[in-house]
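Here is the structure we will look at, set down as structure tokens.
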Amino acid sequence: MRLDVVTIFPEYLEPLNVSLVGKARARGRLDVHVHDLRDWTYDRHNTVDDTPYGGGPGMVMKTEPWGDCLDDALASGYESGAHSPVLVVPTPSGRPFTQELAVELSERPWLIFTPARYEGIDRRVMDEYATRLPVYEVSIGDYVLAGGEAAVLVITEAVARLLPGVLGNAESHRDDSFAPGAMANLLEGPVYTKPPEWRGHGIPDVLLSGHHGRIARWRRDEAFKRTAQNRPDLIERCEASAFDKKDRET
Ligand SMILES: CC(C)N1CCN(Cc2ccc(Cn3ccc4ccc(-c5n[nH]c(N)c5C#N)cc43)cc2)CC1
């Protein structure tokens with residue numbers, strides 16, 4: 001997978017050099033190109049923003065630098081043999097970024113991220129590129145950030161861990177929250193490791209029983225309890241629950 005990121009804060013994307021994403025790059029699973037938008041400005045102040053038409057607070061990111069930079073990023077990617085790019089635009093007004101969308105994006109060969117700042121990017125940029133490629137406008141949550149770079153880190157990590165050969169244990173994302181299957185839409189339950197006793201806290205007996213069936217049921221029950229406690233909205237979306245309906249109503 002090829003990733004292009006266009007930003008006025010290239011240093012913000014340094015974390016893409018470490019940990020899981022860094023390893024995926026080192027293994028050749030990810031080819032990441034970060035572009036400084038200001039390299040596509042030609043005035044002495046490297047201007048990327050201007051006042052909004054219609055008035056109002058804040059500034060809007062100008063069309064020209066984005067257009068020139070995205071055209072070059074596309075040309076460079078195609079030249080390198082990449083194909084079928086999609087534009088991923090982090091924005092507070094975007095569709096929710098979910099595990100389902102992470103899976104969808106992980107199946108694409110080329111993602112071009114456009115994390116903005118200020119009040120966002122002049123709408124004509126997204127309109128222009130929507131004539132040539134899919135544009136995903138996404139939000140990573142119901143809170144307000146100062147720009148889109150943090151969202152790029154979040155989306156990239158969620159997508160990269162789904163790429164073949166990136167996660168150590170191929171099963172690791174099988175039991176993820178929201179991953180399809182028996183645990184779909186359930187939050188993870190508690191996890192434990194050695195030592196067996198720590199400051200008077202032991203380990204649930206079932207986990208030491210070696211009985212895989214009982215362990216699996218215990219884990220699903222705990223996941224269900226945790227989901228009911230922290231995300232009751234997900235309970236209705238679960239497949240057959242660990243408890244039958246009457247248990248849930250008592
Ligand atoms: C009336 C007037 C005072 N209001 C002023 C706030 N406006 C909304 C507004 C708010 C913040 C920003 C800052 N910003 C610039 C680019 C950018 C990309 C992503 C995000 C972002 N925030 N939260 C998420 N989950 C995001 C994602 N993904 C935020 C971004 C841009 C725009 C609405 C108008």
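First listed ligand is number 1; within each ligand, the first listed atom is number 1. Note: hydrogens, waters and symmetry copies are ignored here, and every other heavy atom, side chains too, is used.
- Using a cutoff of 4.0 Å between basic side-chain nitrogens and carboxylate oxygens, Arg124 and Asp122 are scored as salt-bridged.
- With sequence neighbours excluded, the residues satisfying side-chain hydrogen bond (donor to acceptor under 3.5 Å, both in side chains) with Asp233 are Arg231.
- Every residue was checked against the side-chain hydrogen bond (donor to acceptor under 3.5 Å, both in side chains) condition with Tyr12, not counting sequence neighbours, and none meets it.
- Residues meeting the ring-ring contact (aromatic ring centres under 6.0 Å, His included) test with Trp110, sequence neighbours left out: Tyr78.
- Near ligand 1, residues Pro57, Pro90, Thr91, Pro92, Ala116, Arg117, Tyr118, Glu119, Val138, Ser139, Ile140, Gly141, Tyr143, Val144, Leu145, Ala146, Gly147, Gly148, Ala151 come within 4.0 angstrom through at least one heavy atom.
- What you find for Leu187 and Leu234 is that their closest heavy atoms are CD2-CD1, 4.1 Å.
- Between Val166 and Arg27, the closest heavy-atom pair is O-NH1, 3.2 Å.
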